[in-house]
Amino acid sequence: MKLAVDEQDMLEGKGGLAQQKAMELLVEYAEGLGAERFVDTNNVAVLTGLFPYPELIKKLVPTLDADEIASRFFLNSDELVVVDKVKAFTTSHIYRDQEYPEVQQGGEFLCEVTKKMERYCRRIGITNLATCSPYQSGNVPVMGEHCAWTESSAIPFCNSVLGGRTNIEGLHSAFASAVTGKTPLWGMHLDENRLGKVTVDVEIDMTGIEEWNLMGYYVGGQIGLDIPIYTNINRTPDLTRIMALCAAGAASGSTVMFHLVGHTPEAPTIEMASGNRKDLRVLKYGKKDRRETYEQLNHSVRDDVDVVVLGCPHHTIERMGAIARMLEGKSLHRDVDLYVTTCRSVKAIADRDGLTDVITKAGGLVLEDTCGVFFDLDTSKVLASDSAKMVHYIPMTTGVQNTRFGTMEECIQAAITGKWKGELR
Ligand code: F3S
């Protein structure tokens with residue numbers, strides 16, 4: 001690898017132990033990827049609060065000291081490494097909702113650990129957005145900006161919608177980028193890798209949010225790592241729809257970027273989105289594919305529902321308002337739990353505007369900073385969600401096998417009646 005002078009200095013320890021460890025880690029990572037050099041980044045999104053294995057933390061860091069946790073888990077170092085300040089503007093991914101430990105896996109213990117990590121992040125200069133959708137809380141990359149982001153649903157949003165440039169970073173690489181302000185120049189950072197190779201001929205009227213979930217889930221599963229170019233999209237997507245597309249495609253496949261011809265910034269035409277490629281593969285997305293995808297996401301044979309989870313990715317303020325309007329003056333079925341997850345910034349607005357109150361009065365719970373896939377659920381329950389990504393991960397992370405996917409309206413109706421009446425229209 002060719003290192004710039006400042007990178008060599010960090011590697012030699014001239015910037016202190018933390019930068020040295022982080023640079024060692026990045027060099028190893030970059031060499032493994034075949035990157036020839038680094039690029040500067042001043043936009044990083046890290047995973048500093050996602051600890052699905054409480055036993056591992058207890059075993060490796062019994063003191064629960066935040067510097068020690070960071071050394072081991074983020075910098076892969078047995079030696080204690082104290083980070084003074086991060087170099088890049090950095091925001092954090094989800095933590096735990098401190099108010100409801102009993103709802104989340106790891107309970108009080110993981111709430112305590114994440115509280116410590118939040119304090120740690122604040123101390124070293126990381127902004128605690130605590131969300132999987134940082135772009136709705138103040139981390140908004142601009143066209144061409146080199147970023148180092150974690151979180152599968154946020155990455156296609158950064159690349160495709162905003163025109164920022166990021167690969168799927170992991171816990172270690174993103175943290176090392178935060179400490180050094182560097183990321184390997186490869187993958188989505190390079191023009192040639194951002195071009196699509198597959199066109200998706202969309203034959204469906206893309207009106208409802210569920211359509212964007214279904215299409216993303218279908219295409220992600222079909223094309224894996226390739227970049228799809230969606231053509232014939234007959235509706236301009238809004239924020240919620242495009243977030244659904246990002247999350248669904250990243251769940252069933254590994255969609256890091258897509259082009260919506262006529263809508264996303266690097267795709268004014270198919271020619272520009274593909275770099276004039278002549279051998280484009282063509283995929284059709286029609287009624288049969290849509291129906292099969294819907295059936296794939298509806299695993300339950302029972303018609304009752306016990307748990308409804310909304311807010312994946314973290315709900316926008318517009319969706320919080322829509323939920324509140326649907327629940328105004330209503331009461332949930334006494335045997336159904338409704339959880340709505342969002343980020344702290346949106347929750348603060350929802351609180352002030354009285355939306356949280358309406359949802360809570362109906363019997364629902366609005367949680368901030370957390371994610372439904374880490375809820376502590378009785379595995380015999382039936383769960384419904386309006387998110388393909390949530391339904392995809394729930395069986396693996398919670399053990400709940402009976403899942404329903406539908407519109408937000410159908411999910412809320414299920415929360416009120418205890419029965420699933422959803423169907424594909
Ligand atoms: Fe966010 Fe969790 Fe969904 S991290 S995208 S709410 S699976």
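Below, each value reflects all heavy atoms present in this structure, side chains not excepted, and no hydrogens, waters or symmetry copies. Indexing begins at 1, ligand by ligand and atom by atom, following the structure's order.
Screening the protein for N, O or S atoms under 2.8 Å from atom 2 (Fe) of ligand 1 yields 1; no waters enter the count.
Arg404 and Asp303 are not joined by a salt bridge, as no carboxylate oxygen comes within less than 4.0 angstrom of a charged side-chain nitrogen.
Scored by the side-chain hydrogen bond (donor to acceptor under 3.5 Å, both in side chains) test, His392 finds Tyr217 as partners (sequence neighbours excluded). A search for salt bridge (Lys or Arg N to Asp or Glu O under 4.0 Å) contacts involving Asp353 returns nothing, not counting sequence neighbours. Remark: Phe89 pairs with no residue by the ring pair (Phe, Tyr, Trp, His ring centres under 6.0 Å) rule, at least two apart or across chains.
With Thr90 as the fixed residue, the side chain to side chain contact (heavy atoms under 4.5 Å, CB included) test singles out one of Thr127, Ile126, Val179: Ile126. Tested against His314 for a side chain to side chain donor-acceptor pair (under 3.5 Å), the candidates Thr131, Thr370, Asp369, Thr341 yield a single pass: Thr131.
For ligand 1, the atoms lying closer than 4.0 Å to a non-hydrogen atom of Glu151 are 5 (S).
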